[in-house]
Every structure is written in structure tokens, then in C-alpha cells.
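Notes follow the structure.
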Protein chains: 2
Amino acid sequence: MTSRLRKAFFFSLLEAKLDTSGNKRTTIHDLAAAAGVSISTASKALNNTGRMGDETRKRVKRIATEMGFRPNAMARGLLSKRSFTIGLLTNDTYGRFTLPVMAGVSDALLDHGVSVFLCAIEDDPALGQTHVEAMLDKQVDGIIASGKRVDKRLPVDLSNLQVPVVYAFTEGTPDSVTFRSDDAQGARLAVEWLRKLGRRHIVHVTGPEAFFSVRERAAAYREVAGEIEPVMYGIWAESWGHEAVQRIWTRPGGKPDAIFCGNDQIARGVVDALRERGVKVPQDISVVGFDNWEIVAGQTRPPLTTVDMCLKELGRQAGLTVLAMAEGRPVEPGVRKLPCRLVVRQSCGAENLEE
Amino acid sequence: MTSRLRKAFFFSLLEAKLDTSGNKRTTIHDLAAAAGVSISTASKALNNTGRMGDETRKRVKRIATEMGFRPNAMARGLLSKRSFTIGLLTNDTYGRFTLPVMAGVSDALLDHGVSVFLCAIEDDPALGQTHVEAMLDKQVDGIIASGKRVDKRLPVDLSNLQVPVVYAFTEGTPDSVTFRSDDAQGARLAVEWLRKLGRRHIVHVTGPEAFFSVRERAAAYREVAGEIEPVMYGIWAESWGHEAVQRIWTRPGGKPDAIFCGNDQIARGVVDALRERGVKVPQDISVVGFDNWEIVAGQTRPPLTTVDMCLKELGRQAGLTVLAMAEGRPVEPGVRKLPCRLVVRQSCGAENLEE
DNA sequence: TAATTTTGAGAAAAGGTTTTTTCTCTTGAC
DNA sequence: GTCAAGAGAAAAAACCTTTTCTCAAAATTA
């Protein structure tokens, strides 16, 4: 029996004895004792650092697995000044935009061992402040601010924090990093698709002109729609889709052969109103939505062809960026527009028309 | 100049000098130096523990505020073995159920300084395992498992964890604490409301019989509906609502004067189908939904009267419970059913009928 | 063979806080 | 004038891990 092994034996007895007192977490101390090495050697073995015999390293790793040892993140963080934690701040209570963003962030960071605090502040500055302070107390490595509108700030000041901040789908401060979708490109995608299908008279029914996204999409529509009509601004609701159809069909003049809607809810209202009028979608008219909100786009009859803003990808990039900043890697400030993609379902009649 | 003040002066100079190197966080050490007291005194002053002069305590607190000192959660957690952090595990990607639960949890725990990790595992056992391990690494004080169905387990084993686990809107292990809504009571609420409005012939159109909630709601329907018809089981989709109306109106026999639907989507399908048939809601027939999913219930024409499962309250209670367990307070295991409430909108014609 | 390098592994410090223990005064009583 | 009590505050230990430093032994070179 070598000295090392004897020591290991002695320690494991000792530990076994102590262990009866309570079911404490196994620490690196226990691991070192069980493996018959010093704490430092155990640490180095696990982290693939330092110098030691190959056999020692393997043995420590094996025993660590057997014991189910997992290093205490707090002790580790105390030293490294990293918590491997970030905060996701949002004022989107429905989760329409935040959940996909969250999924992307989480997906990107999980591999790096980073977990995400979700903090929903519902346009309440006091609540926002409280959440931010809680996050700072928890030593988050960074914060992602997310919203439901790219031209509105969150009701909380993140400008002088000592942790990196990235904005995703919400307006950021001038010198910050901001991710948003490319609304103009998305709108072009939709309108060009309609034109490719042979549609020539395209109407744009959308949300309030006060929204930046609305203006961007409208500008793109005007740019590529060919035969242009005044953009119909309204609200983000099915009822507006209904009303818009009502207006179009009661006014004099020709009827459109396509309607490009500002979001899926409006599109759904439009489709329902058209059906009630006996206008066939997609045979008589094509309708395209925006957002790809499954629950709306998928349940519409027929299911909506719509523009997807790839929010998960947006979240992924925001996550990687805030991580890079937390690790001190240089990140260029500015607004990054991410491309949208078109999701083809049946409201434009692609299959029929392409044959 | 007293000794204490001289010391404070010396230290603050020293600190000022050191501070030029980098913008480190102010620690309790800095605070103690600035206040001219020892670290332990500073700690006790802030935590209202120990003995010291009233003046000293106040001075330390004042200086702490001035310096913007916030204790390092990791150092604190290392000692107290509490991270003031819990994990919320969910497989509900839409967030239909999880977001309200999350809001409640967060709301309940924010006052206690506890933050929430949201971990979305999409029915992927490997992903679930990874998230759970990440949470354990981060030393969460507890875990809330949440789902989209009360009779299904999350695809991850939480039974032998050394942290407390509470189940919310998902099935738990036998000896665990589980929160769920009282589906039977909710269904009774709906049907009793219809009867109170004078409806006598009530049909129940609902989701798949395999769902426990469906069976509970159906049983309650049979119990209080008076004139009973066979429950119409189907799927959770608008299309099923359409089809059900089609079936009811094409079969021989009298037509119902009320339809109690298993969820809001089905109810919406029903309402739309009725309108298309020229049957007036709520004049000719009352429709009531289940879930109170704003985006569906509110956009239906007319807006749906529906049963709200009070998921936020459910989350709140789950949060407080897991906190109690984390603090070692005794918690009785078992299934806790929380009452639902009826949200009256216009699909039952309450106003008209009550006059 | 003596001197030098390499290898393997332990000791110790650091990180920021809380808690327990210890120390130093002051004050009042005998 | 000595003691005891007690207040006020400092010192030290503890929490768990990583990292740097040190040291002994083995291997290599001169």
C-alpha cells in the first residue's frame, strides 16, 4: 500500500464518518480526500491546468464523476468575478417577442454555462429599478434589454451600469449595441413575393404610423409594390383588419388582388372579413401577414403566409454579444439589423399560382 | 483629529490611489475604510446585528449609501449557502401557461430578494438535464417545475435533488408539493353561470379525453348542466370548434342555447362558426370558454366570457412555498387545487339577460 | 559524478462577506 | 483602589475554489 493510497483510505474513512452529520454537498475538499491528492491538484486535474501525471488526472476526474462533484459556482465566481449569469429585462408581458428572444439567448449561452434571469417589468419604472438592482446584487455578467417595440426605451436607465448592456428589439442608448429586425427587408420580401405570384394591385393595411417599424415597412411597400395606394394606418387588432376590408370594398374603384398586413392579427381580421364577403383567399386575393405568430397565423383559415423576424436568432446573437462584452472582447457599438424570412403557408396560394 | 478619523483619512487616500487602476466594485473593505471602522463593524452596521453605538451604525449606513455599496452576493452566498435564486423549469414554449406563473413567482419572490432563472426545455430530456445541472451548479435555493398540462411529467427527473422542488401546473412526484387549478370548480362556475342566465340546453365541446383536465371539467359539466348531452371530445383547435358546430347543426334534434367550451380557441371556433351560420351570440346562444387567453378571448367577436385559472396566483403560491422549503420551514406535501374565477365579457349576454 | 532541468504535487493566498471570538476601555459598585 | 460588568469595536475563522509559488524527486546534461 503506497503512502498515497493509505492517505486516501484514511481520508475516506474520515469523510464517511463526518458525512453522517448531514447531507452536505461534496466539495473539492471531499474529492481531494477521496482521491488522495491535495485540493490544488484536484482543481488542476478537473480544469486541465497545471502539471501532473496523466494517471493522476484521470483518476481524479473519474472519482469526481463517481462522487457527483460539481464545483460551487459561488466560490468560483467570487474569484473569477464572473457569475455566469445574465439578466434579460423585458416589458413584453405576453411574451410574444420576448419568449423567442429568450429561447435564442438561452440556447446560445447554455453551452457557455451561463444562465438567464428573466425579469418582466411591465412599463413600471419602479419595478424595473428593483429588478435591475436585484440583478446587480446577483453580480450578473451582463444585461439584455428587450421589449416589444424597437422605437421605445424600457422605462429604466441602464446607461451607467458597470456591466455590459445589449439591447434586443428595443431602443438602446446612442453608443450601445442594439439588435433589431430589418423591417424594410422583411416588407420587401413580402411584397416581392406577392408580385412574383403575379399580384399587381397590392394594398398595405398596417398599425399606427407612430411606430417606427410601421413607417419602415410602409416605405419598403411603396418602394417595391408597383401600383401604389395610400397606406392604411390603424391599430394592431383584428377589428382593424375587418374595418379596412369594409372600407376598401365600399369605396369606389377597383379592388386589390393582394393585401400586405402590418401584423398577423390584422391579417387574420382581413382574411375573416374577406371570407364573410365571399371573397376567396387565396384564389381571388392573396394576404400576407407579419410576425409569424403561430397561434394567429396557424389558426387562420387559410393559414397565413407571413414574415418571420427570426427573433430566436436575434436573441442568440444578443446573447453571444453580451457574453463577448462580459469577457472583455471588443464589440463594435451600433444598430445591427437582422434579416427576416418569409414563411409560406396558404394565404397567398403559392402552390396554385406557381404551377 | 482622533485616531479613528486619521485612520479613515489615510485609508481613503490609499483607496483613492488604488482606484485609479480600474473601476472595481466597492467592497465592504472600502466601506469600512471610508467609515473608519473595521470590516466586521461595517457588516454588523448594515445588517442591524451586533452591538455598536447608534451613531456609528448610522454613519456606516450613510456612507454605504453614498458609496453605492452593495454586498457581493457570491461572497454572501458562499457563507450562507443560499443563492437567493430559484429556477423555473418549463416545457411550455408559447408561454401561455408559464408566463403568468412566472409573473406570480417573480412577484412573490422579488420582495424577498430572490431572482428567477427561466429554463425552457422543450420536451427534450437532454436539454432538461443540462438546464437542471446548470441550475444546481448555480446553487439555486429551489426549483419550480411548470408545464402546460397537469397530468404530464416534465421529461426530467427531479426526485433526488438536494434542493426543494415544487410543481406548478404539471404533475409532480407522489410526495411532492403540487399546485394546480381546480378544473372541476372552474367548470361548475361556467355552467352555473349559464344556468343562472336561463340557459337550459348546454353542450360541452372540449379537447382530447386523454387530458385529465378535460375529464374533470366534463364530470363537473355532467354534474351541474341539468339536461345533459354526450360530451364532444376533440382537439384544442379552432377548427374543432367549427366542426363541432357543424355536427350539432346538421344532426337531428333540438339545438342548444349554450355551449361550454374546453378552451378559448375552441370557443372562438364555435363563435365564428355560429356567426357564419347566422346564429347570434349571445342573443340566440351563449358561449363560454376556458383559460382566459387574452389574445384569443379578447379578439373574438363578441369577446369571450371565460374561466380564468388564476395562474399568477398559482405562481405566487408556488414561489412562496419553494421559498419556505428553502428556508427549512415545514411544508405539507400534497396537491393543492386553486380556485378559478369567471371573467365575464359579452359572449353570454349577461347584461341583456340580467335586465 | 555533479549540476541543471523537468516533472509532479502540495502549501498558501486570494476573493468578499458573515459570524464568532477576543480585546480594550469605561463605568459603577464595593 | 480593586473588581466586575458590560459596551463598543476589532480580529479571526469560515465558506469553496482557483492560481501562484514552492519544493522534492526524477531525469537529463555536462
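Letters A, B, ... mirror the listed sequences (proteins, then strands); counts begin at 1. Model, not experiment: these values are computed from the prediction.
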Under 4.0 angstrom between A/Ser80 side-chain N/O and D/dT18 OP1 or OP2: no
Chi angles and distances behind the side chain to side chain donor-acceptor pair (under 3.5 Å) call for B/Thr49, B/Asn47: CA-CA 5 Å; B/Thr49 60; B/Asn47 296 319; 5.1 Å; no
Side-chain donor/acceptor of B/Lys152 to backbone N/O of B/Gly147, under 3.5 Å: no
First encountered from the 5' end of DNA chain C, between A/Asp54 and A/Ser40: A/Asp54
Contact nearer the 5' end of DNA chain C, comparing A/Leu78 with A/Lys44: A/Lys44
Residue met sooner reading DNA chain D from 5', once A/Thr49 and B/Ala75 are mapped to nucleotides: B/Ala75
Stepwise side chain to side chain donor-acceptor pair (under 3.5 Å) test for B/Lys61 and B/Asn48: CA-CA 10 Å; B/Lys61 282 185 175 178; B/Asn48 286 324; 2.9 Å; yes
Of residues 129-142 of chain A, the positions that come close to DNA chain D - non-hydrogen atoms, cut-off under 4.0 Å: none
Side chain to side chain donor-acceptor pair (under 3.5 Å) between A/Thr41 and A/Ser38, intermediate numbers included: CA-CA 5 Å; A/Thr41 301; A/Ser38 72; 3.0 Å; yes
B/Arg51 side chain near D/dG8 phosphate (N/O to OP1/OP2, under 4.0 Å): no
Value rounded to 0.5 Å, distance of CG in A/Asp141 from CZ in A/Arg82: 4.0 Å
Distance below 4.0 Å between B/Ser38 side-chain N/O and D/dA10 OP1 or OP2: yes
Residue-phosphate contact under 4.0 Å: A/Thr41 side-chain N/O, C/dG10 OP1/OP2: yes
Ring-ring centroid check A/Tyr167 A/Phe179, cutoff 6.0 Å: no
C/dT19 OP1/OP2 closer than 4.0 Å to side-chain N/O of B/Ser43: no
C/dG15 OP1/OP2 closer than 4.0 Å to side-chain N/O of B/Asn72: no
d(CD, B/Glu55; P, D/dA7) in whole Å: 18 Å
